[in-house]
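Just follow the structure's listing: the first ligand is 1, and inside any ligand the first atom is 1. For the single chain, residues carry numbers from 1 onward in sequence order.
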Amino acid sequence: MSEWSPEIERLRAREDEEWLRVQDNYCGRLLAYANRRTGDLQASEDIVQETLLGAVRGIDDFDRAFTFEQYLFGICRNRTIDYLRRRKAQTIQVGEDDSGFPGLEALAHSTDTPSAIVRGRELSSRARGLLGEILKEWVEETWEQGEFIRLCVIEALFSGGWRNRDTWKRFDLRDETAVAGIKFRAIKRLKQLAAVRESGNDLLRYLAAAEEGDHRLLDVDVRNVWREKRLSCPGRHWLARLVAGTLDEGPSLFVSFHLDEMKCPWCQANFDDLARRDADAELDVVMEHLRESTMKYLRPEGESAEA
Ligand SMILES: [Zn+2]
């Protein structure tokens, strides 16, 4: 089962079928995301409805530098925050997941471009793109090698901003230098991956500085790239296997760490969606409501889809 994503041109043409497919594919996880934060299914349904309508309205400005799922979740996150602010009489932590979606605030408001998002950072946007590619490659090869502890450690350091001291204790490593060693080897490998790429020069300089202990770089750029690009997010089928209890120990260690300790909001939403999918008939009713409202929006006259 590979991850489906819609054809943007068909969405822009307001094709009902493609929008309904969007709804069938993403509503469950959007609903799970909103419900986890609001604890209120009715409010969550409203949020998802607003999210879908916002997605239809904003699709002409969709920026292909992001995935469609990021686009949807960015809108959903803002609608959720709006809702929680309105309900602020209650002691809900609105800022609780603010760090979960770096850069998406701007995306959902669709006024800022990715270059505005990266403005003020050390790396040029091209170098950031390359950084994303080599990190992705590193994650993939580490996953294929079955080195899940290593993957957890690097995720904790790069994405979670953990200190070496906390990291070795969490993973029962020998001592702090074991963590430093894993980090050192990862950066070394990243340099190799950067070196074989065209125009990877400023990235190489950057990695060399990181290798010599300039952690400022790792703290800002790597963390943001790692999270924005969802570099370590397991595909939905891995989450499905975790839900079903059929995931092997290694990947299960990493996926659970990613969900429970890194608290990845995307994967949590997917996980919740998968976990309740079979059990929860209530969701079917909500899905049916959403389907009707989206159709009404797409076809104001109830007949044909007009642009
Ligand atoms: Zn994730």
Side-chain angles (χ1 to χ4, degrees), residues 1-5 25-37 51 65-78 80 96-105 107-108 117 128 131-144 146-162 167 170-171 186 218 221-244 246-277:
M1 168 170 128
S2 70
E3 187 70 356
W4 178 83
S5 66
N25 274 277
Y26 295 102
C27 268
R29 66 193 88 164
L30 292 171
L31 195 67
Y33 174 87
N35 201 37
R36 187 185 263 258
R37 281 152 186 82
T51 300
F66 297 88
T67 66
F68 183 75
E69 192 186 25
Q70 286 178 313
Y71 169 72
L72 273 185
F73 267 98
I75 299 171
C76 187
R77 171 183 182 269
N78 284 337
T80 304
E96 172 233 331
D97 71 349
D98 273 359
S99 61
F101 292 109
L104 286 177
E105 188 87 81
L107 170 66
I117 294 170
R128 271 171 66 87
L131 177 62
E133 283 175 28
I134 60 169
L135 284 169
K136 180 92 191 149
E137 202 169 328
W138 184 89
V139 168
E140 279 167 4
E141 71 183 21
T142 305
W143 183 289
E144 273 162 29
E147 295 286 353
F148 294 102
I149 297 267
R150 194 191 295 167
L151 190 55
C152 286
V153 166
I154 291 299
E155 166 133 307
L157 298 174
F158 283 9
S159 173
W162 286 21
T167 309
R170 165 62 183 82
F171 296 105
L218 290 179
D221 285 308
V222 173
R223 182 172 191 185
N224 287 331
V225 169
W226 189 282
R227 291 182 165 214
E228 259 168 39
K229 302 210 182 278
R230 304 183 58 193
L231 290 178
S232 64
C233 286
R236 201 168 145 90
H237 61 287
W238 292 102
L239 295 167
R241 285 163 69 184
L242 184 68
V243 169
T246 57
L247 194 55
D248 291 343
E249 194 183 341
S252 174
L253 172 94
F254 174 73
V255 175
S256 301
F257 173 73
H258 182 76
L259 282 171
D260 301 333
E261 289 171 78
M262 292 292 107
K263 299 194 188 314
C264 172
W266 319 90
C267 291
Q268 281 180 342
N270 273 294
F271 181 86
D272 288 353
D273 174 37
L274 289 161
R276 60 187 285 172
R277 188 157 281 248

- request: Kindly compute the distance separating CZ (F158) from CH2 (W138), expressed to the nearest 0.5 Å.
  value: 7.0 Å
field: Test item: K229 side-chain N/O and W226 main-chain N/O as donor-acceptor pair under 3.5 Å
entry: no
message: If I take atom SG from residue C264 and atom CZ from residue R230, how far apart are they, to the nearest 0.5 angstrom?
response: 6.0 Å
- prompt: Is the shortest distance from a Lys or Arg side-chain nitrogen in R128 or E228 to a carboxylate oxygen in the other one below 4.0 Å?
  reply: yes
message: Suppose the cut-off is 2.8 Å; which protein N/O/S atoms would you list for the Zn ion (ligand 1)?
response: C233 SG, H258 NE2, C264 SG, C267 SG
- request: Using atom types as modelled and distance alone, determine if a side-chain donor or acceptor of R29 lies under 3.5 Å from a backbone N or O of N25.
  value: yes
query: What distance do Y26 atom OH and D273 atom CG have between them, rounded to the nearest 0.5 Å?
result: 12.0 Å
